[in-house]
*Asks:* 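Before anything else, here's the structure in question.
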Amino acid sequence: PDINLGSDIEKIKIHNANIVPVVGKSHIEKAKDNLGYLKSLPQIVVGSSIKEERKNVQGAISKQLWYTSDFSMKEQIIEAGLGWGRLPIHQIEDKIALKKLFIVTDVPQVASSMIRPMYLLRSKSKTMGPNTKRLWDYLAEFGREL
């Protein structure tokens, strides 16, 4: 979903992330083919600071939502067995290989993956230094290739 950021914010799409539902190793056996079990676990989500957006969490199925401020903390909470959630596959490939996290693929009511755009954002009203400008231009060129 595209968010209206206002006229002062410039955004550049830099990646299409494949987001997959995962659980820690303590839950994988019970979570297989069991929507009820998954719903009973807290669903860990990266929360918005905008209260209205917290009411409409896309893909929410659990009775209890736990909010965190970033994907790294979300990954750690899920790996610790405190809940489940969706994470970018590129972030957790090593944890999947080490069998610390498991993708939940056999619960039909939970999308096995979702593609979500990732954006780089900046304020148009703040002046960039030369190095930041070069980085922004480089990433903008990279984003145009998507």
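Note that the numbering runs from 1 along the sequence shown for the chain. Model, not experiment: these values are computed from the prediction.
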*Asks:* Restricting to pairs with a member in residues 97-117, which pass ring-ring contact (aromatic ring centres under 6.0 Å, His included), not counting sequence neighbours?
*Replies:* none
*Asks:* Nearest heavy-atom pair of S123 and I9: which atoms, and what distance?
*Replies:* CA-CD1, 4.2 Å
*Asks:* Only counting residues at least two apart or in another chain, list the ones meeting side chain to side chain contact (heavy atoms under 4.5 Å, CB included) with S26.
*Replies:* none
*Asks:* Once side chain to side chain contact (heavy atoms under 4.5 Å, CB included) is applied, do any residues pair with D70, and if so which ones, sequence neighbours excluded?
*Replies:* S72, M73
*Asks:* Can you name the side chain to side chain contact (heavy atoms under 4.5 Å, CB included) partners of L98, sequence neighbours left out?
*Replies:* K100
*Asks:* Which residues pass the side chain to side chain contact (heavy atoms under 4.5 Å, CB included) test with K32, sequence neighbours left out?
*Replies:* I28, E29, D106
*Asks:* Using a 4.5 Å cut-off on heavy atoms from C-beta on, say whether the side chain of I89 contacts that of I96.
*Replies:* yes
*Asks:* With rounding to the nearest 0.5 angstrom, report the NZ to CD distance, K74 to Q76.
*Replies:* 13.5 Å
*Asks:* Would you indicate whether the side-chain heavy atoms of W84 and L38 approach each other to under 4.5 Å?
*Replies:* yes
*Asks:* Is Q43 reaching over with its side chain to a backbone N or O of S62, donor-acceptor style, under 3.5 angstrom?
*Replies:* yes
*Asks:* Can you check whether T68 reaches I44 side chain to side chain, under 4.5 Å on heavy atoms?
*Replies:* yes
*Asks:* Is the shortest heavy-atom distance from the side chain of I78 to the side chain of L101 under 4.5 Å?
*Replies:* yes
*Asks:* Taking the inter-plane angle between the rings of Y37 and H27 on a 0 to 90° scale, is it parallel (under 30°), tilted (30 to 60°) or perpendicular (over 60°)?
*Replies:* tilted
*Asks:* Would you find a donor on one side and an acceptor on the other, under 3.5 Å apart, between the side chain of W66 and the backbone of G83?
*Replies:* no
*Asks:* How close do P117 and K13 get, counting heavy atoms only, and between which atoms?
*Replies:* CB-CE, 3.9 Å
*Asks:* Do K25 side-chain atoms and G81 backbone N/O form a donor-acceptor pair below 3.5 Å?
*Replies:* no
*Asks:* To the nearest 0.5 Å, how far apart are OG1 in T132 and NZ in K126?
*Replies:* 12.5 Å
*Asks:* Give a yes or no on whether V20 and I115 share a hydrophobic cluster (residues Ile, Leu, Val, Met, Phe, Trp, Tyr; joining criterion: side-chain heavy atoms under 4.5 Å apart).
*Replies:* no
*Asks:* What is the distance from atom CZ of R86 to atom CD1 of I19, rounded to the nearest 0.5 Å?
*Replies:* 10.0 Å
*Asks:* Taking E10 first and then R122, would you say they form a salt bridge - that is, a charged N and a carboxylate O separated by under 4.0 Å?
*Replies:* yes
*Asks:* If you take all heavy atoms of H90 and A17, which pair is closest and at what distance?
*Replies:* CE1-CB, 4.3 Å
*Asks:* Take V107 and D33 through the side chain to side chain contact (heavy atoms under 4.5 Å, CB included) test and state the conclusion after the steps.
*Replies:* CA-CA 5 Å; V107 179; D33 249 348; 5.6 Å; no
*Asks:* Does K11 make a cation-pi contact with Y119, if we ask for NZ or CZ under 6.0 Å from the ring centre and within 45° of the axis?
*Replies:* yes
*Asks:* Do the side chain of N18 and the main chain of P88 share a donor and acceptor less than 3.5 angstrom apart?
*Replies:* no
*Asks:* Suppose we screen for side-chain hydrogen bond (donor to acceptor under 3.5 Å, both in side chains). Which residues come up paired with E75, at least two apart in sequence or across chains?
*Replies:* Q91, K95
*Asks:* Are any of the side-chain heavy atoms of R116 and N16 separated by less than 4.5 Å?
*Replies:* no
